[in-house]
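For reference, the structure is listed below as structure tokens.
In this chain, numbering begins with 1 at the start of the sequence shown.
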Amino acid sequence: MQSTKLLQSPLSELSEEEKGIAYNLLNRLVDGAVDENYTMLARLYYNLGELSNNLFGEQDNPHYKKAIQYLAKGGIDLSMNKWLELISLRAIE
């Protein structure tokens, strides 16, 4: 496969076969990734979630949960308390 269509096309323009290829490729990348590269793993899992939703129609997608876990491991605080703190600081300014 020498086409770069998978890298340039929106998900909606890919065929089911191309989506399956992309899904398998992302799974291989996750398997080979270094566990300490949290941002990259979060991005890979997010994209796996997008493909999984599109291919299989999953409602409770475990890939999104893994993406959030890796973002939190990387130091991104996704809690409601942090959000309220940032909103209140912005209101003070």
Side-chain angles (χ1 to χ4, degrees):
M1 184 167 111
Q2 295 180 358
S3 172
T4 59
K5 183 178 178 184
L6 288 175
L7 302 173
Q8 298 172 346
S9 300
L11 195 57
S12 61
E13 292 180 10
L14 297 178
S15 70
E16 293 300 309
E17 180 184 359
E18 290 170 326
K19 290 175 192 174
I21 291 168
Y23 185 82
N24 290 333
L25 178 63
L26 287 173
N27 269 320
R28 287 184 180 185
L29 288 171
V30 165
D31 290 342
V34 176
D35 199 36
E36 288 80 33
N37 197 340
Y38 302 125
T39 304
M40 182 185 69
L41 282 165
R43 289 178 181 170
L44 289 172
Y45 276 111
Y46 174 79
N47 285 303
L48 273 170
E50 289 290 300
L51 279 166
S52 182
N53 278 348
N54 201 285
L55 285 168
F56 313 118
E58 290 183 302
Q59 296 300 319
D60 189 28
N61 196 313
H63 299 300
Y64 290 134
K65 292 176 185 175
K66 288 289 265 186
I68 290 171
Q69 289 172 356
Y70 278 109
L71 285 175
K73 277 185 178 183
I76 296 176
D77 189 349
L78 302 172
S79 68
M80 184 59 87
N81 289 335
K82 185 64 176 180
W83 181 78
L84 289 171
E85 176 187 328
L86 292 172
I87 295 299
S88 66
L89 287 175
R90 197 163 279 204
I92 293 171
E93 292 173 355

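Note that the NZ atom of K66 and the NZ atom of K73 stand 6.5 Å from one another [nearest 0.5 Å]. Between the CG atom in D31 and the CG atom in L26 there is a gap of 11.0 Å [rounded to 0.5 Å]. Distance CD1/I76 to OG1/T39: 6.0 Å, rounded to 0.5 Å. Between the CG atom of L51 and the CG atom of N61 there is a distance of 10.0 Å, given to the nearest 0.5 Å.
More than 12 heavy atoms of other residues, nucleotides or ligands sit less than 6.0 Å from atom OH of Y70. No more than 12 heavy atoms of other residues, nucleotides or ligands lie within 6.0 Å of CD in E17, so this atom counts as exposed by the packing criterion.
Between A33 and L41, the closest heavy-atom pair is CB-CD2, 3.6 Å. The minimum heavy-atom distance between E18 and E13, with the atom names listed, is OE1-O, 4.5 Å.
Formation of a donor-acceptor pair under 3.5 Å by the N47 side chain with backbone atoms of R43 is found in this model.
Between Y45 and Y64, the gap from one ring centroid to the other reaches at least 6.0 Å.
Between Y23 and L48, some side-chain heavy-atom pair lies under the 4.5 Å cut-off. Taking 4.5 Å as the limit, some side-chain heavy atom of M40 sits within range of a side-chain heavy atom of L44.
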